[in-house]
Asks: 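A single structure is presented below for examination.
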Number of protein chains: 2
Amino acid sequence: MTIHHHPKNEAPNKQLIDAVRAFNRFYTRQIGLLDEGLLKSAFSLTEARVLYELAHRDGLTATDLGRDLGLDAGYVSRLLKKFERHDLISRSTLVSDARQSSIALTPAGRNAFAPLNKDSHDQVAALLDRLPVSEQDRLVKSMRTIQALLDESAEPKIPYLLRPLQIGDIGWITRRQGMLYAQDYGWDETYEALVAEILAAFVKSFDPKWERSWIAERDGEVVGSVFVVRKSPEVAKLRLLYVEPSARGLGIGGRLVDECIAFARAKGYKTLTLWTNDILGSARRIYQAAGFKLIDEERHHSFGKDLVGQTWDLEL
Amino acid sequence: MTIHHHPKNEAPNKQLIDAVRAFNRFYTRQIGLLDEGLLKSAFSLTEARVLYELAHRDGLTATDLGRDLGLDAGYVSRLLKKFERHDLISRSTLVSDARQSSIALTPAGRNAFAPLNKDSHDQVAALLDRLPVSEQDRLVKSMRTIQALLDESAEPKIPYLLRPLQIGDIGWITRRQGMLYAQDYGWDETYEALVAEILAAFVKSFDPKWERSWIAERDGEVVGSVFVVRKSPEVAKLRLLYVEPSARGLGIGGRLVDECIAFARAKGYKTLTLWTNDILGSARRIYQAAGFKLIDEERHHSFGKDLVGQTWDLEL
DNA sequence: ACCATTTACTTGACTTAGTCAACTATATCG
DNA sequence: CGATATAGTTGACTAAGTCAAGTAAATGGT
């Protein structure tokens with residue numbers, strides 16, 4: 001993955017390290033088992049890997065293959081020479097660089113690869129077939145997660161995108177806010193219930209002309225959200241701003257607030273107001289930066305804690 | 001994993017197969033990269049794997065090593081002979097079987113293994129260190145999932161367990177119910193809002209003496225839930241029964257309803273009532289099996305659909 | 001335009017890692 | 001007790017991969 005935000009890490013937890021090492025040992029063996037089944041073919045495992053790359057990507061050079069598969073250049077050279085001798089590949093010198101040549105499978109090469117590919121496919125199919133469908137999904141989802149997290153070369157992804165509310169979001173936001181504030185500030189389950197209540201009311205009385213929601217999504221996961229509701233014809237209220245800890249530092253919070261302000265202005269509201277608690281420092285900094293002014297403070301006891309509530313207004 | 005429930009599988013989906021193959025190629029490379037760093041040592045990769053096993057498990061025999069690491073018996077024999085020559089291991093013939101011997105690292109063997117182990121540890125630590133902590137957690141969680149799913153020898157796991165509500169649950173249940181009914185029956189976002197509202201009210205007015213919740217959890221994931229609320233001193237109401245599609249067929253639905261009935265009886269309620277919709281067939285079958293009787297039906301328009309609501313009662 | 005350096009690939013010489021089959025000693029089954 | 005299986009060993013072998021030196025083309029700096 002591309003690292004957009006790299007907080008100062010302490011040395012990673014030993015338990016996590018051991019878990020990763022255990023997985024590596026486990027998966028080394030797992031791959032070994034799958035590969036065993038392919039050994040009967042005329043090709044070695046590495047040859048098969050090379051053929052696979054050639055079958056699936058066009059215009060590769062010898063260096064590309066060596067780099068992507070982690071092979072020695074001399075070894076690649078010999079493999080390719082052998083393939084060429086057997087007429088499995090053809091090479092054409094690049095016009096842009098006469099040292100390199102673009103390698104392609106010949107029809108004969110494709111024919112040779114087909115059974116190999118089928119065997120590998122069938123082997124994986126057999127593996128999956130041992131699991132019920134729901135677990136197949138969990139398996140593949142986990143694999144995709146690992147790949148996305150470890151793949152340095154993943155295409156520079158869009159840091160995040162904003163979209164309106166969808167089904168499933170209000171539950172997710174409820175859950176995440178409930179869990180985060182419980183973890184960070186020790187708030188009890190009534191906070192999660194309050195979020196649920198607010199969001200339920202938002203959906204039920206939603207007036208698209210005067211109200212709006214923004215969900216920040218990254219890699220298909222919700223990482224932040226904010227809501228604007230109509231309090232009166234003159235006053236809009238910003239509610240439930242949150243950004244996932246894992247997505248902080250990307251400016252998502254500020255962006256969400258800016259969207260709210262722009263929307264409130266466009267709709268002709270005179271004031272954008274919001275209510276928060278003084279302990280929520282990072283949210284406060286966002287509001288201040290956006291020009292909100294502290295209007296009022298009052299003590300209250302909520303969510304199992306003594307808190308100081310704050311009202312902030314922005315004149316539009 | 002041990003397969004408790006193995007529905008008739010069709011041939012697994014090609015997309016899933018390709019995803020698994022992509023992961024295998026990716027992880028082959030990943031392991032290759034990690035292993036490269038260890039090549040400077042005096043030991044080959046396979047030797048290091050053997051040493052690792054010996055360092056972490058006592059009383060292994062040569063056959064055990066060959067089987068667990070997927071190595072040829074002759075090769076193992078030679079590796080062990082070499083280790084013995086360098087005084088890294090000691091072998092003692094088993095009393096139970098004079099052909100086998102139990103292999104143990106000598107102190108010198110442990111010394112030789114230590115730097116190897118440290119290098120591998122550091123390498124993984126460096127890998128993890130590139131990720132923020134939250135992503136480290138996601139990574140390891142995904143690895144554990146894969147391992148649990150693919151490891152045939154994993155201890156037979158508890159199919160599911162029941163526990164009371166925790167923070168984060170009501171959001172999760174809201175989300176999942178909203179998504180499932182949208183997917184299966186085309187209900188709109190007001191259903192999710194209704195669930196949120198009901199659950200918010202449940203938490204806010206929760207009376208532990210007369211009310212209760214049960215969350216079914218499997219592998220740390222919520223896979224079902226049900227709630228009992230007090231409608232009157234005589235009548236308890238069962239609400240929001242649901243079971244994840246992936247966990248159906250384990251009897252979780254029936255179990256949840258049985259818990260509600262037992263609770264309502266124990267508390268001295270006279271009637272357990274519930275409201276549902278006629279299209280929810282699998283829920284209906286559970287209620288019928290538990291002895292509920294259909295009391296009333298009425299048409300209504302909700303969640304963007306024309307529906308037939310049903311009231312079911314069980315006299316306790 | 002020219003020279004030093006780098007890159008892409010090739011080749012020869014080599015080592016390491018792993019395989020296979022034959023063999024011994026012991027254990028197990030009926 | 002004899003047939004068969006298992007644990008481990010060994011010799012003979014091959015496949016797989018490494019390393020260093022070399023050629024030809026490209027690149028960067030002056």
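Reminder, nothing fancy here: chain letters follow the sequence lines and each chain counts from 1.
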Asks: In whole Å, I'd like the distance from the CG atom of A:Asp72 to the P atom of C:dT16.
Replies: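 My rounded result for the distance is 15 Å.
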Asks: Measure across B:Leu128 and B:Gln136 and return the closest heavy-atom pair with its distance rounded to 0.1 Å.
Replies: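 Looking at all heavy atoms of both residues, the closest pair is O-NE2, 3.0 Å.
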Asks: Are A:Arg91 and C:dA8 close enough that a side-chain N or O sits under 4.0 Å from OP1 or OP2?
Replies: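 No.
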Asks: Consider the side chain of B:Thr46, meaning its heavy atoms from C-beta on, and name the nucleotide among C:dG18, C:dT19, D:dA25 that approaches it most closely.
Replies: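 When the side chain of B:Thr46 is considered, C:dG18 is the closest of C:dG18, C:dT19, D:dA25.
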Asks: Judged by modelled atom types alone, do A:Gln100 and A:Asp97 share a side-chain donor-acceptor pair under 3.5 Å?
Replies: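 Yes, side-chain donor-acceptor contact under 3.5 Å.
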Asks: Which label fits B:His56 and B:Tyr52: parallel for a plane angle under 30°, tilted from 30 to 60°, or perpendicular past 60°?
Replies: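 B:His56 and B:Tyr52: parallel rings.
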Asks: Tell me: CD of B:Glu47 to C1' of C:dG18, nearest whole Å?
Replies: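 Distance check: B:Glu47 CD to C:dG18 C1' gives 12 Å.
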Asks: Between A:Ser120 and B:Arg21, does any side-chain donor sit less than 3.5 Å from a side-chain acceptor?
Replies: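 Yes - a donor-acceptor pair under 3.5 Å links their side chains.
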Asks: Mark yes or no for a side-chain to base donor-acceptor pair under 3.5 Å between B:Arg78 and D:dG8, with no hydrogen or angle criteria applied.
Replies: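 No, the side chain and the base share no sub-3.5 Å donor-acceptor pair.
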Asks: Specify the separation, in whole Å, of atom CG of B:Asp97 and atom C1' of C:dT24.
Replies: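 After rounding, the reported distance stands at 14 Å.
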Asks: Judged by each residue's nearest nucleotide on DNA chain D, which is more toward the 5′ side, A:Lys82 or B:Ile103?
Replies: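 With B:Ile103 and A:Lys82 compared, the 5'-side residue is B:Ile103.
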Asks: Indicate the atoms forming the closest heavy-atom contact of B:Leu51 with B:Leu105, along with that distance.
Replies: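 Scanning both residues completely, I find the closest heavy atoms to be CD2-CD2, 3.8 Å.
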Asks: Heavy atoms only, 4.0 Å cut-off, all strands: where does A:Ala73 land among base, sugar-phosphate and nothing?
Replies: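 Base contact.
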Asks: Let me know, please, whether A:Gly74 or A:Val95 comes out on the 5' side of the other along DNA chain D by nearest nucleotide.
Replies: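 Residue closer to the 5' terminus by nearest nucleotide: A:Gly74.
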Asks: Could you check how far CZ of A:Arg67 sits from C1' of C:dA8, rounded to whole Å?
Replies: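 Interatomic distance, CZ of A:Arg67 to C1' of C:dA8: 12 Å.
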Asks: Across the strands shown, which category fits A:Ala62 at heavy-atom distances under 4.0 angstrom: base, sugar-phosphate, nothing?
Replies: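 The residue A:Ala62 makes sugar-phosphate contact but no base contact.
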Asks: What is the distance, rounded to the nearest whole Å, between atom OH of B:Tyr75 and atom C1' of D:dC13?
Replies: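 Rounding to the nearest Å, OH of B:Tyr75 and C1' of D:dC13 are 15 Å apart.
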Asks: Which of these nucleotides, C:dA17, C:dA8, C:dA27, is closest to any side-chain atom of B:Ala98?
Replies: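 Comparing C:dA17, C:dA8, C:dA27 against the side chain of B:Ala98, the answer is C:dA27.
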Asks: Just compare D:dG8, C:dT6, C:dA25 and give me whichever is closest to any side-chain atom of B:Thr63.
Replies: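 Shortest atom-to-atom distance from the side chain points to D:dG8.
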Asks: If I take atom CG in residue A:Leu71 and atom C1' in nucleotide D:dT18, what distance separates them, rounded to the nearest angstrom?
Replies: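 Rounding to the nearest Å, CG of A:Leu71 and C1' of D:dT18 are 12 Å apart.
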Asks: Atom CG of A:Leu69 and atom P of D:dT18: how far apart are they, to the nearest Å?
Replies: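 Rounding to the nearest Å, CG of A:Leu69 and P of D:dT18 are 13 Å apart.
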Asks: Would you say D:dA15 has OP1 or OP2 under 4.0 Å from some side-chain N or O of A:Ser44?
Replies: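 So the side chain of A:Ser44 is outside the cut-off, no N or O lying under 4.0 Å from OP1 or OP2 of D:dA15.
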Asks: With sugar-phosphate meaning primed atoms plus P, OP1 and OP2, does B:Ser77 contact a base, only sugar-phosphate, or nothing at under 4.0 Å between heavy atoms?
Replies: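 B:Ser77: base contact, heavy atoms under 4.0 Å.
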Asks: When you get a sec, tell me which of D:dT10, C:dT7, D:dC19 is the closest nucleotide to the side chain of B:Lys81?
Replies: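 Ranking D:dT10, C:dT7, D:dC19 by closest atom to the B:Lys81 side chain puts D:dT10 first.
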Asks: Please state how far atom CZ in B:Arg99 lies from atom P in D:dG8, giving the value in whole angstrom units.
Replies: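 My rounded result for the distance is 8 Å.
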